[in-house]
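To start, the structure under review is shown below, and the notes come after it.
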Amino acid sequence: MKKIIVAGAIVLAVGLGAWYWYAYYPVTSSLTYQAEPTRPADWRYLDASLSIDERVEDLLSRMTQAEKIGQMALIEKNSISDSTDISRYGLGGLLSGAGARPDPNTPAGWQDMVKNFDTYSRRSRLGIPILYGVDANHGHGNVPGATLFPHFIGLGATHDPELVKKIASATAKEIAATGVTWSFSPTLDVATDPRWGRAYETFGSDTANVTDLGVAYMRGLQEAASPVLAAAKHYVGNGDMEWGTSINKNFKIDQGVTRIDERTLRATHLPPFKAAVQNGALSVMAGLNTWQDKKLSANSYLLTDVLKKELGFKGFVVSDWYGVYEISPSPYRSLTTAVNAGVDMVMLPFDYKSFSLYMNLAVDRGDISRERLDDAVRRILRAKFAVGLFDRRPGGDLSTLNSPDHRALAREAVAKSQVLLKNRYQTLPLSKKTKRIVVAGSSADNIGRQNGAWTIEWQGVDGNWFGGTSILGGIREAVSGDTVVEYEKSGTIVNNPQAEIGIAVVGEAPYAEGWGDAAHPELSKEDIAAIKKLRSISRRLVVVIVSGRPVDISAISGDADAIVASWLPGSEGAGVADVLFGDQPFTGRLPMAWPL
Ligand code: BGC
């Protein structure tokens, strides 16, 4: 009897499995091709002369349920074990999580990789091109050889939307050249707490400034000659999470709870998103934070009622990283909750096969309505048409990466982002004819530190492992031939120690996301010691602080004659020297409060 039950159970399980397999998997396999097929000329969505809405509706009307579901998936590229899955599942987008690179990790390597993925998407029945997304937070930072601009906190100090738009256009050019079509930027968070490890990813704490610069950046990406889709993030209130509330045991603030009332949320944090929507936002990323007991990706009030209905957002909502799957222990419930709340594209179903199963089941059962499915896909397609994916192939002229005009623009931005915090005895600007300058500090000769995180690696790289001009290099370039510049990191200058000017370039080591949450951002003991040493041997002392946020400098502020907040200037350290030596004036203003 027992044997019969076991045998029966096996037969049932195999039968169910086979039925499932037949019903749902491989979802579109019969509709993929070895090469891109020729499509009938009367498929109207292929006609570039029609309006976007006409093309979207025509395409949508041709899509199967499985093809629609595929469009809602955004997959980290390292999860794609077989590139034909891109066509088989009709995936909507791929991304390189920070640091996820091609081999070789060169601009040409990037272009080959993205083109190759793109080719597979065009081999599907309908040939809907994928979006390829990266976090280009301060230039195309994943790619060695790209121009690295100041992080947004530094751009926040410029208070200059025109400059920010130019930077976004230049960045778009470099991104598009490598074939990438989507950047998860700009960050529109209004940072209220410098202890947050992502403060530097924001334009600061002033809502109006964040709004102006954020919109300028978004437009710079989307209105470039080869447009790059922008993602306004992280919707909403992500800059106002409470210390100690993170759901990640390694973090303190990041991925935490935004414990503010709706009035404050609307007054402080919503305006940048409202302006982004008014200026043509095509994608918005939902934050990993929680508001009123609901994770943002499950918050239908904020995603659907406020963003889509009240603000009239016509683009698509993408969830952030694994956020959707943090809604509930059940992936099925997580997905249905998020999609019904208003998430249109789900980032990171690492396992896109089960995503496809769950989503098909949810639509079949009516847990997600067909109208909601169509709405989500319509929004995604609209964005794809708007940035021209159907009418061009990815990739362009790679010589635009790090071109002299982009580097000059970055250098200009660096100079405009420097903020003069203190200047007694009119120490600055310095004379280029100063006889002897001694330089010290952890960030003086460290291109990795001046770039911060989201540079080559997610957490950045400490040291001179890639190109650019260090701040020390900029100082050496700026001075006259008669000036002696001596550098020793710790400030131990042995030969003839007396100097007219000491310059200590100190600051933070790179960090990203919650790994940078810090109870008390401050200078390291080594940097403080270096400053004290320079003080004892220099007639005048300048302290340059390379940091992603205001740090406590009370231990050294009395020692310094001049103090400069340099933020995270990027690859063009010479821009710092431009203001130190008076080639450019100091025009930067604090983007967030810095108690001295
Ligand atoms: C971050 C996002 C980023 C995404 C993709 C997440 O960890 O919160 O800002 O866009 O990763 O890299």
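Index from 1, following the sequence. Note that ligands are numbered from 1 as they come in the structure, with each ligand's atoms numbered from 1 the same way. Excluded from the calculations below are hydrogen atoms, water molecules and symmetry mates; all remaining heavy atoms, backbone and side chain alike, are included.
- Of the possible donor and acceptor atoms, none in the side chain of D344 sits under 3.5 Å from a partner among the backbone N and O of F316.
- Side-chain atoms of H138 and T455 form a donor-acceptor pair, as typed in the model, at a separation below 3.5 Å.
- Checked against a 3.5 angstrom limit, the closest N/O atoms of D135 and ligand 1 fall inside it.
- The distance criterion of under 3.5 Å between nitrogen or oxygen atoms is met by K233 with respect to ligand 1.
- Taking every heavy atom of F184 and a limit of under 4.0 angstrom, the matching atoms of ligand 1 come to 10 (O).
- Side-chain contact, E174 with H406: a donor N or O sits under 3.5 Å from an acceptor N or O.
- In this structure, a donor-acceptor pair under 3.5 Å is absent between the side chains of N137 and S185.
- By the 6.0 Å contact criterion, NZ on K252 is open, its count of non-hydrogen atoms from other residues, nucleotides or ligands being 12 or less.
- Compare D320, L348, V134 by their heavy atoms: the one nearest to atom 8 (O) of ligand 1 is in D320.
- If you look at R198 next to ligand 1, the close heavy atoms, those under 4.0 Å, all belong to the side chain.
- The closest side-chain donor-acceptor pair between D397 and T400, if any, does not fall under 3.5 angstrom.
- Of all atoms in ligand 1, numbered sequentially from 1 with element shown, those under 4.0 Å from a heavy atom of M285 are 10 (O).
- Contact annotation: for E513 versus ligand 1, heavy atoms closer than 4.0 Å belong to the side chain alone.
- Polar contact check, H234 against ligand 1: a nitrogen or oxygen pair lies under 3.5 Å apart.
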